[in-house]
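Below: the structure, in structure tokens.
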Amino acid sequence: MNDEVTFRAASIADAEQISAFASRLCEETFAADNNPDDLAMYLQSAFTPDAQRRELADPSRTYLLGEVDGRLACYALLRVGSAEPAVAATHPVEIERFYVDTPWQGHGLAQRMMQHIIDFSRDRTSDVLWLGVWEKNPRAIRFYTKLGFRDVGSHSFLV
């Protein structure tokens, strides 16, 4: 694996690429534990190019992309000012989505992406960086716990 990763903020021009990449990773991650019709409906609403363009145009949201040899390897969607009731914060940043493509898992790319997210959060004088993680995703839970995230509550996420 090439260790040369380039991180950058996405632009509207990236909407089509993000749409295909994000939809594929979400399906790969959650298909085994969800009703196929429900997941298909969710993917068709959440990951269309138009949905990505709306997110990219939202000033409270930022997509961070990680590319290896010009190809997407990971991405995160961050939202400034978003918090659940259990998240005590004045200036929160939420990690709405965080995905690393399978070929790059286990190579340190997730940690490198998380450092960029932490820097992003600090640059915005955030007092809390938070995320939601599905209880049926033990690999992600281990990763976030290792980085110091802790469970402060729960919320519903409909697929």
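Only this structure's heavy atoms are used, side chains among them; waters, hydrogens and symmetry mates stay out.
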If I take atom [atom1] from residue [X] and atom [atom2] from residue [Y], how far apart are they, to the nearest 0.5 angstrom?
X: S23; Y: Q44; atom1: OG; atom2: CD; value: 8.5 Å
X: I95; Y: I117; atom1: CD1; atom2: CD1; value: 4.5 Å
X: Y75; Y: D14; atom1: OH; atom2: CG; value: 13.0 Å
X: F21; Y: C74; atom1: CZ; atom2: SG; value: 7.0 Å

Taking side chain as C-beta onward, heavy atoms only, is [X] less than 4.5 Å from [Y]?
X: F98; Y: M114; result: yes
X: P92; Y: W130; result: yes
X: R124; Y: H91; result: no
X: S126; Y: F120; result: no
X: L25; Y: D101; result: yes
X: R8; Y: L64; result: no
X: L56; Y: R61; result: no
X: Y63; Y: L78; result: no

Stepwise side-chain contact (heavy atoms from CB on, under 4.5 Å) test for T102 and E28 = CA-CA 9 Å; T102 304; E28 289 174 1; 3.9 Å; yes
Give a yes or no on whether the backbone of [Y] and the side-chain of [X] come within a donor-acceptor separation of less than 3.5 Å.
X: S60; Y: R79; value: no
X: D127; Y: T90; value: yes
X: S45; Y: Y42; value: yes
X: N35; Y: D38; value: yes

Give the minimum heavy-atom separation between [X] and [Y], together with the two atoms involved.
X: S82; Y: E94; answer: OG-OE1, 2.6 Å
X: G153; Y: A86; answer: CA-CB, 4.1 Å
X: G66; Y: F7; answer: CA-CD2, 3.8 Å

Tabulate below the donor-acceptor pairs under 3.5 Å that side-chain atoms of residues 131-148 make, not counting sequence neighbours, or state none.
| residue | atom | partner | partner atom | Å |
| --- | --- | --- | --- | --- |
| N137 | OD1 | A140 | N | 3.3 |
| T145 | OG1 | I141 | O | 2.8 |

inquiry  = side-chain contact (heavy atoms from CB on, under 4.5 Å), that's the test. Do L65 and L72 meet it? Break it down for me.
reply    = CA-CA 7 Å; L65 307 179; L72 276 178; 3.7 Å; yes
message = Using 30° and 60° as the class boundaries, would you call the ring planes of F30 and Y99 parallel, tilted or perpendicular?
response = perpendicular
Test side-chain contact (heavy atoms from CB on, under 4.5 Å) applied to Q52 and I18, L77, I12, the passing residue = I18
inquiry  = Between R71 and E67 (salt bridge meaning N to carboxylate O under 4.0 Å), is one present in this structure?
reply    = no
Verdict with supporting geometry, F149 and L129, side-chain contact (heavy atoms from CB on, under 4.5 Å) = CA-CA 9 Å; F149 286 88; L129 179 62; 4.1 Å; yes
query = Residues two or more places apart in sequence or in another chain: which of them pass salt bridge (charged side-chain N to carboxylate O under 4.0 Å, His left out) with E55?
reply = R97
task = Not counting sequence neighbours, which residues clear salt bridge (charged side-chain N to carboxylate O under 4.0 Å, His left out) with D50? List them please.
result =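 Salt bridge (charged side-chain N to carboxylate O under 4.0 Å, His left out) list for D50, sorted by chain: R53.
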